[in-house]
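The chains referred to below are lettered A, B, ... by the order of the sequence lines, with proteins before strands, and numbering in each begins at 1.
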There are 2 protein chains.
Amino acid sequence: MTVIFSKKCEYGLQAVLYLSAKGIGEIVSADEIAKKLNIPKEFVSKILQSLTESGLVNSKKGKAGGFSLAKEPSKIRLIDIVAAIDGLGMFNTCVLGFPSCSPDHPCPLHEKWGSLRSSTYNMLTEQTLDELKEKTLNKIAHLEA
Amino acid sequence: MTVIFSKKCEYGLQAVLYLSAKGIGEIVSADEIAKKLNIPKEFVSKILQSLTESGLVNSKKGKAGGFSLAKEPSKIRLIDIVAAIDGLGMFNTCVLGFPSCSPDHPCPLHEKWGSLRSSTYNMLTEQTLDELKEKTLNKIAHLEA
DNA sequence: CTTTAATCAGACAAAAAAATCTGTTTATAG
DNA sequence: CTATAAACAGATTTTTTTGTCTGATTAAAG
Ligand code: SF4
Ligand code: SF4
């Protein structure tokens, strides 16, 4: 079975939400994130490194080092994280896997699926981290309860 | 990157749409389907075999054998094919990959994502093969043009 | 009855995704 | 200055998904 996002992307979103819940300046280690979110440490570490390259996250090396958001939470949209990790291919390739999507010969689901896909894209584009902070805190607090 | 459906499911949907476009009685070989849809033959063959087990498709062995729909196109919903191949897990697990989804501590995207997911589910549940026949024919006709 | 063309069963192989390991560099704290 | 704890780099392993191969069975057609 396959869901919308890759595992990498899911973890990436979780981690960034975690960072934003901690506040803009806070530096958090990959180890802490991994433990709190029950994600393999080395894996989330890799993902955060790649997000650092993408400029969404800052990293600090050495003891007491870790990761923090590179921008204000209100400036980071969910789509930015998705784009950095999974790319935006899912928004312009065919749900049914047909090779090309010409407007004159669209696949049978074009009409119905197309609008759902746009809605999803818009949702990810509109949602910024700051708007999700409270809900994130609530979720995190009750993760291992 | 990962899209909604697995390759298996995409091919399965394509193949079943192809069958329905041919008409209810028509028997079509895996070979023809593979060629027309540019899908690996052995792979689509396996998929159709599994759909046969699921009761959505009939198979006929031997020379002049092949596959056909097991029910009227109006009785086969897209969700049936998805359920048979990928399962319905994608409709009740978390987009963000959080392990549990308790209604009191939903993940940060619950509200927004939940409704999109329901819409997708409903769309797949409402769409039956007969309604897609014309569009499928149009798509197939222009596949290798 | 024999040839042929198909499903079917199940092992196998290749590729991609997910996860782990090993070691290096870097900065803080004592 | 040394010990420690972190990111970082990159190789390696494991697992899942995707795709292929071999042979057996079945049924139609000549
Ligand atoms: S138009 Fe149809 S073929 Fe094209 S991407 Fe949308 S669903 Fe797929
Ligand atoms: S409520 Fe949140 S945690 Fe649960 S499935 Fe929906 S998106 Fe995921």
Review point. OP1, OP2 of C:dA19 versus side-chain N and O of A:Y11: anything below 4.0 Å?
Key: yes
Review point. Can you tell me how far P of C:dA16 sits from CD1 of A:I85, to the nearest Å?
Key: 20 Å
Check your understanding: A:E42 has a side chain; which of D:dT20, C:dT20, C:dA19 sits nearest to it?
Key -> C:dT20
Check your understanding: Rounded to the nearest Å, what distance is computed from the CD atom of residue B:E53 to the P atom of nucleotide C:dT7?
Key -> 15 Å
Check your understanding: What is the distance from CD of B:Q49 to C1' of D:dT20, rounded to the nearest Å?
Key -> 14 Å
Check your understanding: From C:dT25, C:dA9, C:dC8, pick the nucleotide closest to the side chain of B:K46?
Key -> C:dA9
Point to revise | Residue among A:T136, A:L137, A:I140 satisfying side chain to side chain contact (heavy atoms under 4.5 Å, CB included) with A:L17 | key: A:T136
Point to revise | Modelled atom types, side-chain donor and acceptor of B:S45 and B:Q49, under 3.5 Å | key: yes
Check your understanding: A:K41 has an atom NZ; how far is it from atom C1' of D:dC8, in whole Å?
Key -> 12 Å
Check your understanding: In whole Å, what is the span from the CG atom of B:L48 to the P atom of C:dC8?
Key -> 9 Å
**Study point:** Distance in angstrom units between A:I27 CD1 and D:dA6 C1', rounded
**Key:** 11 Å
Point to revise | Whole-Å distance separating the CZ atom of A:F43 from the C1' atom of C:dA17 | key: 7 Å
Below 3.5 Å is the cut-off: list the nitrogen or oxygen pairs between protein and nucleotides 1-5 of chain C, distance only.
none

Review point. Would you call A:E126 and B:K112 a salt bridge, using N to O less than 4.0 angstrom?
Key: no
Review point. Taking only N and O in the side chain of A:S29, is any of them less than 4.0 Å away from OP1 or OP2 of D:dA5?
Key: no
**Study point:** Residue whose closest nucleotide on DNA chain C lies nearer the 5' end, A:P40 versus B:S45
**Key:** B:S45
**Study point:** Among C:dT7, C:dA18, D:dT18, the one nearest B:S6 by side-chain distance
**Key:** D:dT18
Exercise for review: Would you please say whether a donor-acceptor pair under 3.5 Å links the side chains of B:S115 and B:E111?
Suggested key: no
**Study point:** B:E32 CD - C:dT7 P separation (whole Å)
**Key:** 11 Å
Practice item. Answer yes or no: is there an ion pair linking B:E32 with B:K35, defined by an N-O contact shorter than 4.0 Å? Key: no
Practice item. State whether a side-chain donor-acceptor pair under 3.5 Å links A:D130 with A:T128. Key: yes
Point to revise | Qualifying residue, where the test is side chain to side chain contact (heavy atoms under 4.5 Å, CB included) with A:F5 and the options are A:I85, A:I81, A:D86 | key: A:D86
Exercise for review: Check whether any side-chain nitrogen or oxygen of A:K60 sits under 4.0 Å from OP1 or OP2 of C:dT28, and answer yes or no.
Suggested key: yes
